[in-house]
Amino acid sequence: QVQLVESGGGLVQAGGSLRLSCAASGRTVSRYVMGWFRQAPGKEREFVALISWSSGTTYYADSVKGRFTISRDNAKNTVYLQMNNLKPEDTALYYCAAGTMAWDKSAQYDNWGQGTQVTVSS
């Protein structure tokens, strides 16, 4: 198993930036795909971004493409989500996840963090 802990959420004004962190422990994460998902109240969990730990391949949801950047720090076993030009519709609980042979569907991941809240004010 891999344990995941998110941090970095908070309240930010529209147009501002936040950087979320996901610290992984428990196992070597090089074999995993790491994903960011978000869920607003009353809505389904939706895909945001992913990165292959080993190759660095990235993929983004259309809604965040050009504004968000996912990256990894191999030495720290940490994945980051840099969020720029935030919009009120980005408000959600953000989760990081780890899975093998995973892509952009939440059901493909079996390791989840507790989530960190991002609130974007108008």
Side-chain angles (χ1 to χ4, degrees):
Q1 274 282 19
V2 175
Q3 290 76 50
L4 305 173
V5 179
E6 304 97 332
S7 62
L11 176 64
V12 65
Q13 65 187 51
S17 299
L18 285 173
R19 188 177 76 160
L20 306 183
S21 298
C22 175
S25 63
R27 290 186 180 181
T28 301
V29 297
S30 60
R31 69 178 66 185
Y32 289 100
V33 172
M34 305 295 294
W36 284 99
F37 293 79
R38 65 188 184 186
Q39 188 168 24
K43 299 181 65 177
E44 293 184 343
R45 191 168 299 184
E46 68 172 345
F47 167 75
V48 176
L50 65 82
I51 185 168
S52 168
W53 199 278
S54 59
S55 71
T57 298
T58 60
Y59 179 66
Y60 298 90
D62 288 342
S63 59
V64 306
K65 196 172 300 180
R67 299 188 298 122
F68 291 10
T69 303
I70 189 171
S71 62
R72 73 202 193 285
D73 186 325
N74 295 329
K76 296 182 178 180
N77 284 345
T78 299
V79 174
Y80 303 97
L81 185 68
Q82 178 67 47
M83 306 185 295
N84 297 326
N85 192 25
L86 283 161
K87 304 175 180 180
E89 51 262 47
D90 295 317
T91 295
L93 187 64
Y94 282 70
Y95 299 91
C96 68
T100 59
M101 302 182 69
W103 197 239
D104 62 351
K105 301 297 187 295
S106 61
Q108 297 169 320
Y109 295 80
D110 51 14
N111 295 273
W112 293 86
Q114 297 299 309
T116 185
Q117 179 68 37
V118 172
T119 302
V120 184
S121 65
S122 60

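Numbering starts at 1 and runs along the sequence shown. The figures that follow rest on heavy atoms only: side chains count, while hydrogens, waters and symmetry mates do not. Since we're looking at a predicted model, the values are computed, not measured.
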Shortest non-hydrogen separation from [X] to [Y] and the atoms involved:
{"X": "Arg72", "Y": "Gly56", "result": "NH1-CA, 3.4 Å"}
{"X": "Ser17", "Y": "Asn84", "result": "OG-OD1, 2.9 Å"}
{"X": "Trp36", "Y": "Leu20", "result": "CH2-CB, 3.7 Å"}
{"X": "Asn85", "Y": "Asp90", "result": "O-OD2, 4.5 Å"}
{"X": "Ala40", "Y": "Ala92", "result": "N-CB, 3.9 Å"}
{"X": "Ser121", "Y": "Leu11", "result": "CB-CD1, 4.3 Å"}

Here's a test for you: under side chain to side chain contact (heavy atoms under 4.5 Å, CB included), which of Asn111, Val79, Asn77 qualifies with Leu4?
Asn111
Measure the spacing between [atom1] of [X] and [atom2] of [Y] and express it to the nearest 0.5 Å.
{"X": "Asp104", "Y": "Tyr109", "atom1": "CG", "atom2": "OH", "answer": "7.5 Å"}
{"X": "Gln114", "Y": "Glu6", "atom1": "CD", "atom2": "CD", "answer": "7.5 Å"}
{"X": "Ser54", "Y": "Asn74", "atom1": "OG", "atom2": "CG", "answer": "9.5 Å"}
{"X": "Gln39", "Y": "Glu44", "atom1": "CD", "atom2": "CD", "answer": "8.5 Å"}
{"X": "Ile70", "Y": "Gln82", "atom1": "CD1", "atom2": "CD", "answer": "12.0 Å"}
{"X": "Phe68", "Y": "Thr58", "atom1": "CZ", "atom2": "OG1", "answer": "14.5 Å"}

Would [X] end up clustered with [Y] when hydrophobic side chains under 4.5 Å apart are linked, directly or stepwise?
{"X": "Leu93", "Y": "Val118", "answer": "no"}
{"X": "Leu81", "Y": "Val64", "answer": "yes"}
{"X": "Leu50", "Y": "Trp53", "answer": "no"}

Has Thr78 got a side-chain atom pairing as donor or acceptor with Lys76's backbone, closer than 3.5 angstrom?
yes
Any chance you could lay out the side-chain contact (heavy atoms from CB on, under 4.5 Å) test for Val120 and Glu89, step after step, and finish with the verdict?
CA-CA 8 Å; Val120 184; Glu89 51 262 47; over 6 Å; no
Applying the ring pair (Phe, Tyr, Trp, His ring centres under 6.0 Å) test to Phe47, which of Tyr95, Phe37, Tyr94 qualifies?
Phe37
How are the rings of Trp103 and Tyr59 set relative to one another: parallel (under 30°), tilted (30 to 60°) or perpendicular (over 60°)?
parallel
May I ask you to test the Glu46-Arg38 pair for a side-chain heavy-atom distance under 4.5 Å?
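Of all side-chain heavy-atom pairs linking Arg38 with Glu46, at least one is under 4.5 Å.
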Thr100 side chain reached by Tyr32 side chain, heavy atoms, under 4.5 Å:
yes
Taking the six-membered ring of Tyr80, is NZ or CZ of Arg19 closer than 6.0 Å to its centre and within 45° of its axis?
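Cation-pi check for Arg19 and Tyr80: passes.
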Lys/Arg-Asp/Glu bridge criterion (N-O < 4.0 Å) met for Lys65, Asp62:
yes
